[in-house]
Amino acid sequence: KAGVTQTPRYLIKTRGQQVTLSCSPISGHRSVSWYQQTPGQGLQFLFEYFSETQRNKGNFPGRFSGRQFSNSRSEMNVSTLELGDSALYLCASSLRTGTLNGQYFGPGTRLTVT
Amino acid sequence: SQELEQSPQSLIVQEGKNLTINCTSSKTLYGLYWYKQKYGEGLIFLMMLQKGGEEKSHEKITAKLDEKKQQSSLHITASQPSHAGIYLCGADDNTGKLIFGQGTTLQVKP
């Protein structure tokens with residue numbers, strides 16, 4: 001079975017721009033969770049989608065949004081980028097919602113905002 | 001809100017030495033997970049603990065959840081360079097949100 005894939009792996013954007021990251025889950029997994037990892041704040045939960053519906057959300061501003069498609073692929077969008085948005089963005093997929101149990105993580109997208 | 005605190009933040013050990021990483025929760029843990037991460041990469045699942053007093057081992061890594069279910073420890077015996085990386089504990093906070101400790105960076109000197 002193919003693992004969780006994330007595209008692109010690396011991205012450089014300028015302040016004020018917007019960015020879209022993509023995550024393809026393991027086949028059969030309907031839950032996709034997104035995380036932001038920075039040296040200062042560590043790994044923080046952004047949101048989770050299950051069957052195209054957002055089920056849970058972390059404490060991030062509305063500039064961070066996401067969606068999930070009928071094939072369970074998910075995209076995450078960040079608008080009006082700030083320098084502090086530079087981070088490793090990880091997604092994880094699983095069969096179940098609302099738990100780390102059974103979550104498989106992708107390799108991440110490294111976003112640099114200049 | 002629930003928080004996880006890991007200690008130490010970083011650790012440098014000589015190859016062959018034992019070491020322990022701790023993860024303390026501000027609230028009762030309903031599921032505690034340990035992960036390893038190579039810098040800039042995704043998380044690799046190590047172990048999950050759910051019951052107070054539960055202990056699990058895989059190769060030279062042992063994890064334990066204390067009886068009161070508010071602290072977990074990860075112990076590595078006879079460390080090797082392959083054990084180097086960032087170790088993170090994670091938990092289900094029982095409201096659907098998923099939380100993580102700040103991570104412990106481990107270096108193993110040959």
Side-chain angles (χ1 to χ4, degrees), chain A residues 2-11 21 23-26 31-50 53-60 86-112, chain B residues 1-10 21-51 54 56 63 65 69 72 74 85-106:
Chain A
V4 178
T5 57
Q6 292 187 244
T7 56
R9 290 295 312 279
Y10 302 92
L11 205 48
L21 312 182
C23 175
S24 292
I26 290 172
S31 168
V32 174
S33 298
W34 287 91
Y35 302 88
Q36 181 197 65
Q37 188 176 32
T38 61
Q41 299 298 318
L43 188 59
Q44 293 184 289
F45 172 69
L46 278 158
F47 33 65
E48 181 201 4
Y49 285 85
F50 184 86
T53 302
Q54 187 180 88
R55 293 299 181 97
N56 296 294
K57 190 176 188 302
N59 298 324
F60 278 83
S86 294
L88 180 67
Y89 289 88
L90 295 167
C91 80
S93 77
S94 65
L95 291 169
R96 296 166 56 190
T97 180
T99 174
L100 284 170
N101 192 357
Q103 279 201 4
Y104 292 83
F105 283 79
T109 293
R110 170 73 63 184
L111 171 65
T112 302
Chain B
S1 59
Q2 187 172 10
E3 293 183 352
L4 296 177
E5 187 174 328
Q6 280 185 243
S7 62
Q9 287 190 335
S10 63
I21 298 168
N22 293 303
C23 176
T24 302
S25 172
S26 57
K27 296 183 182 179
T28 300
L29 291 163
Y30 292 96
L32 190 286
Y33 306 80
W34 283 101
Y35 299 88
K36 181 184 175 185
Q37 183 183 30
K38 291 286 189 183
Y39 180 76
E41 299 180 7
L43 275 61
I44 299 168
F45 171 75
L46 294 175
M47 274 171 274
M48 177 182 75
L49 304 163
Q50 289 186 301
K51 299 174 186 176
E54 186 175 10
K56 288 187 177 178
L65 185 61
K69 296 179 67 177
S72 178
L74 185 82
I86 301 168
Y87 289 83
L88 293 120
C89 61
D92 303 332
D93 82 344
N94 217 34
T95 68
K97 291 188 175 58
L98 310 171
I99 58 174
F100 290 87
Q102 287 285 87
T104 296
T105 301
L106 171 63

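Note that these values count all heavy atoms, side chains included, but never hydrogens, waters or copies made by symmetry. Residue numbers start from 1 in every chain, and the chains themselves are labelled A, B, ... in the order their sequence lines are given, proteins ahead of strands.
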Checklist outcome for this item: Honestly, the part of Gln41(A) sitting under 4.5 Å from a heavy atom of chain B is backbone
Item to check | Residue, of Phe45(B), Tyr35(B), Tyr33(B), that accumulates the most heavy atom pairs under 4.5 Å with chain A | outcome: Tyr33(B)
Next on the checklist: Once rounded to the nearest 0.5 Å, what's the spacing between atom CD of Glu41(B) and atom CZ of Arg9(A)?
Outcome noted: 7.0 Å
Next on the checklist: Could you tell me if the side chain of Leu98(B) sits less than 4.5 Å from the side chain of Gln103(A), heavy atoms only?
Outcome noted: yes
Checklist entry - Given a strict heavy-atom distance threshold of 4.5 Å, which part of Tyr35(A) is in contact with chain B: side chain, backbone, both, or neither? => result side chain
Next on the checklist: Testing the basics here: between Asp92(B) and Leu100(A), what is the closest heavy-atom pair and its distance to 0.1 Å?
Outcome noted: OD1-N, 2.8 Å
Checklist entry - Near Lys57(A) NZ, under 6.0 Å, is it more than 12 heavy atoms from other residues, nucleotides or ligands? => result yes
Checklist entry - Would one find more than 12 heavy atoms of other residues, nucleotides or ligands at under 6.0 Å from atom CD of Glu5(B)? => result no
Checklist entry - For Leu88(A), is it the side chain, the backbone, both, or neither that has a heavy atom closer than 4.5 Å to a heavy atom of chain B? => result side chain
Next on the checklist: Heavy-atom cut-off 4.5 Å, strictly under: side chain, backbone, both or neither for Leu90(A) against chain B?
Outcome noted: side chain
Item to check | Structural part of Ser33(A) lying under 4.5 Å from a heavy atom of chain B | outcome: side chain
Next on the checklist: Within the 4.5 Å heavy-atom criterion, are Thr99(A) and Met48(B) side-chain neighbours or not?
Outcome noted: no
Next on the checklist: Looking at Phe45(A), I'd like to know if its CZ atom is crowded, meaning that more than 12 non-hydrogen atoms belonging to other residues, nucleotides or ligands lie closer than 6.0 Å.
Outcome noted: yes
